[in-house]
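Letters A, B, ... mirror the listed sequences (proteins, then strands); counts begin at 1.
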There are 2 protein chains.
Amino acid sequence: MDRDKQTTSSTKQKILDAALDLIASFGYKGASVRKIAKAVGIRESAIYNHFKNKEEIFASIMQNLFVSPLDEFFTKKPPQIYAKRGKIYLLEFAMNIKILSFDSRHEKLFRIILVELMQNEKIRQIFLQKFFDEYIKHLSNAFFVMMQEGLIRSGDPLLMAQEFFAPLFYFRLHTLLLRMDDKSTTSLSTIFEKHVEFFWEGVAISS
Amino acid sequence: MDRDKQTTSSTKQKILDAALDLIASFGYKGASVRKIAKAVGIRESAIYNHFKNKEEIFASIMQNLFVSPLDEFFTKKPPQIYAKRGKIYLLEFAMNIKILSFDSRHEKLFRIILVELMQNEKIRQIFLQKFFDEYIKHLSNAFFVMMQEGLIRSGDPLLMAQEFFAPLFYFRLHTLLLRMDDKSTTSLSTIFEKHVEFFWEGVAISS
DNA sequence: GTCTATACACTGATAGAC
DNA sequence: GTCTATCAGTGTATAGAC
């Protein structure tokens, strides 16, 4: 039995889990070492056997913060190849965001990002890079392909990418805010699909 | 000379101004009474001659937080009357948001809202009400009118309102994030107008 | 109205016993 | 690895002199 080892690593993991919850609720400042220790069931000082200081805990959480299934989506289904599918491709992307919006773990991560967005420059940089640059560029490539394939009307693919992405972002935020106070999200249950429909109607070349 | 009176009220105003700046930078928690007092040039204890406690300062700022020119827009130009103008009406609305995005005072207010969004339920409620309900309903009315006038294709006006508003929200957030770290916003200088163009192309009935 | 002085809770962090 | 004990620093807030 490697009970000792297990206990050790599980304590470290417990600390990370507790910190994740507390930061999502109270922000980095609000998640005190005391609170984290209490949530885990150990003393404050014992925390420092696993992490050098509070910041190391935060840094450890940060690493997983932006590892998103959306990156995976663009890796598995590069626009250059799959964008020819047109509306189906857009729908797949939208469904990915929809799933993220209703997944409780990613909800927590998105919450932390938003809590720290205005106070932490590093998070802000990554946020900008992901949501206003990376995804937009991938989508822009997709729209470029669709134009070449004659599926959609021609125009600025970058603008189109932003126009397509922005409502998805907006709906995800809406979902998060409603869920935070345990409000109903039924009005948003099909909005992601409807968005794709609406968008496609606006850009598709009817043939 | 009512120098005393003036000094008094100006100190109170100074406290509010300093608090506004500090909260925008560090959040409610980060804006300590010590920092506020130091910024104003008085002792911490002197603060309590003007406000009962820290929360009263925050509450006082909150009142002005959501008084937005956008409310004024819908009051002065109710959709029922002005939406007949079609694209021009949408452009006017978009220009209002553009102006807000680049106005430094409203930038601060928007920052505070975002800083507190995840931690303060009251702010969250008002945020939801304004950006996901009130404006959407006004715009929804506008699109309903435009449909009746035969200016745009028929569809769900509520969905259309969200589709129109979401990118404006997204661009405003983008502007804020770039400006926070003194990055260039030239790429966003005409995006609000372009959005209206793009959107109108997608819904207008070409005649 | 502003000051000094002070109270008291909570923060992150460390030393040393077990 | 976890504990007790303890530290300095910062937080909000109050009492009383001027």
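Partners of F144(A) according to the ring-ring contact (aromatic ring centres under 6.0 Å, His included) rule, which considers only residues two or more places apart in sequence or in another chain, do not exist here. Legend: residues meeting ring-ring contact (aromatic ring centres under 6.0 Å, His included) with H106(B), ordered by chain and number and at least two apart, are absent. Residues forming a side-chain contact (heavy atoms from CB on, under 4.5 Å) with V33(B) (at least two apart in sequence, or on another chain): E44(B), I47(B), Y48(B), K54(B).
Using a 30° and 60° split on the angle between ring planes, F93(B) and F165(B) fall in the tilted class, from 30° to 60°.
Nearest to the side-chain atoms of R43(A) among the listed nucleotides dA13(D), dT4(D), dA13(C) stands dT4(D).
Residue whose closest nucleotide on DNA chain C sits further toward the 5' end, between A46(B) and Y48(A): A46(B).
The cationic group of K130(B) does not satisfy the cation-pi geometry with F66(B), failing either the under 6.0 Å distance to the six-membered ring centre or the 45° limit from the ring axis. Y89(B) does not carry K84(B) over the face of its six-membered ring by the limits of under 6.0 Å from the centre and within 45° of the normal. Cation-pi contact between K12(B) and F51(B): present, with separation from the ring centre below 6.0 Å and deviation from the ring axis of at most 45°.
With respect to the salt-bridge test (charged N to carboxylate O, under 4.0 angstrom), the residues K122(B) and E116(B) do not qualify. With salt bridges taken as basic N to acidic carboxylate O contacts below 4.0 Å, one links E72(B) and K76(B).
No option in F192(A), Y135(A), F199(A) other than F199(A) meets the ring-ring contact (aromatic ring centres under 6.0 Å, His included) test with F164(A).
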Query raised in the report: Which letters describe nucleotides 6-11 of chain C, given B = protein heavy atom under 4.0 Å from base, S = only from sugar-phosphate, - = neither?
Result: -----B
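Going from atom CD1 of I47(A) over to atom P of dC3(D) covers 10 Å, rounded to whole Å. Atom CG of N53(B) and atom P of dT14(D) are 8 Å apart (whole Å). At whole-Å resolution of the value, CD1 in I42(B) and P in dA13(D) are 15 Å apart.
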What protein N or O atoms touch nucleotides 15-18 of chain C N or O atoms at under 3.5 angstrom, if any, and at what distances?
none

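When side chains are defined from C-beta on, L158(B) does not count as touching F143(B), because their heavy atoms never get closer than 4.5 Å.
Of the residues in residues 55-65 of chain B, none lies under 4.0 Å from DNA chain D by heavy-atom distance.
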